[in-house]
Amino acid sequence: LAKTTQPISMDSYEGQEVNITCSHNNIATNDYITWYQQFPSQGPRFIIQGYKTKVTNEVASLFIPADRKSSTLSLPRVSLSDTAVYYCLVGSAGNTPLVFGKGTRLSVIA
Amino acid sequence: GAGVSQTPSNKVTEKGKYVELRCDPISGHTALYWYRQSLGQGPEFLIYFQGTGAADDSGLPNDRFFAVRPEGSVSTLKIQRTERGDSAVYLCASSLVGIGQGGTEAFFGQGTRLTVV
């Protein structure tokens, strides 16, 4: 299973763009990169998923360089409600379970 | 309709007792996962079902833990002779997974908070 490394914590002010980078040096050809968000006392929630280049949805953007050894989750104009733990996962469907690391604890400050 | 449902939401049990935790996945989801999460840690993988069979149970910590999914939908996580160290939030997730169909979006329940006293 591809291991991921991401910062333990980050702080940001409201209204700023936040970029969280995840390293996954041994990502396999079939692996996708998926980000989850978790609020206290809730299960993780899917944010975004990608294979290469850039993916954007209503919540975030995901940037993946050509070598796919890292990825960056970009949250535009964060608000206090974006305070949560963000997990980067790498894997492919049908063969391996989702493996979570410690995640990045994002604190948004007013 | 609804998302993944887990019952009970909270369970307090005495050391040495047996507990069952239930997970109702989203209808039609073939994959089902169990995790446990301790305070300040990421979810720790326990077991993964594809349909009725356990595709990967390598995360079960010991033989006191067992999970079933007899009809390929509802799953029950069973813990025998509970210990205080088993106290954690137990999370269940399901996904619609097809072999070779790319990445996996899993939907998580709210979890069951198990406290062993």
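Just so it is clear: chains get the letters A, B, ... in the order the sequence lines come, proteins before strands, and each one is counted from 1.
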Inset, instruction - Would you indicate whether the side-chain heavy atoms of A/Tyr87 and B/Pro43 approach each other to under 4.5 Å? - result: yes
Legend entry - Exceeds 12 heavy-atom contacts within 6.0 angstrom, atom CZ of B/Phe65: yes
Inset, instruction - Spell out the residues in residues 102-110 of chain A that have some non-hydrogen atom less than 4.5 Å away from a non-hydrogen atom of chain B, in order of number; otherwise answer 'none'. - result: A/Lys102, A/Arg105
Inset, instruction - Identify the residues of residues 73-81 of chain A whose heavy atoms come closer than 4.5 Å to a heavy atom of chain B, ordered by number, or report 'none'. - result: none
Inset, instruction - Treat each ILVMFWY residue as a node, draw an edge where side-chain heavy atoms are under 4.5 Å apart, and state whether A/Val59 and A/Leu62 are in one component. - result: yes
Legend entry - Nearest non-hydrogen partners of A/Gly43 and B/Leu91, listed with the distance: CA-CD2, 3.9 Å
Inset, instruction - Check whether B/Gln6 gets within reach of chain A through its side chain, its backbone, both or neither, counting any heavy atom under 4.5 Å. - result: neither
Inset, instruction - Starting from the C-alpha separation in whole Å, work towards a yes-or-no answer on ring-ring contact (aromatic ring centres under 6.0 Å, His included) for A/Phe100 and B/Phe108. - result: CA-CA 13 Å; A/Phe100 288 79; B/Phe108 282 80; 5.8 Å; yes
Legend entry - All pairs passing side chain to side chain donor-acceptor pair (under 3.5 Å) where residues 71-81 of chain B contributes a residue, at least two apart: B/Trp34-B/Ser75
Inset, instruction - Considering only heavy atoms, give the residues of residues 109-117 of chain B separated from chain A by less than 4.5 Å, sorted numerically, with 'none' for an empty result. - result: B/Gly109, B/Gln110, B/Arg113
Inset, instruction - Return the minimal non-hydrogen interatomic distance between A/Gln49 and B/Glu105, and the atom names on each side. - result: NE2-N, 4.1 Å
Legend entry - Same apolar cluster (I L V M F W Y, side chains within < 4.5 Å links), B/Ile47/B/Val68: no
Legend entry - Transitive ILVMFWY side-chain link B/Val89 to B/Ile79, under 4.5 Å: no
Legend entry - Hydrophobic cluster identity match, B/Tyr35 and B/Val4, side-chain contacts under 4.5 Å: no
Inset, instruction - Indicate, with yes or no, if A/Leu89 and A/Phe63 share a hydrophobic cluster defined by side-chain heavy-atom contacts under 4.5 Å among Ile, Leu, Val, Met, Phe, Trp and Tyr. - result: no
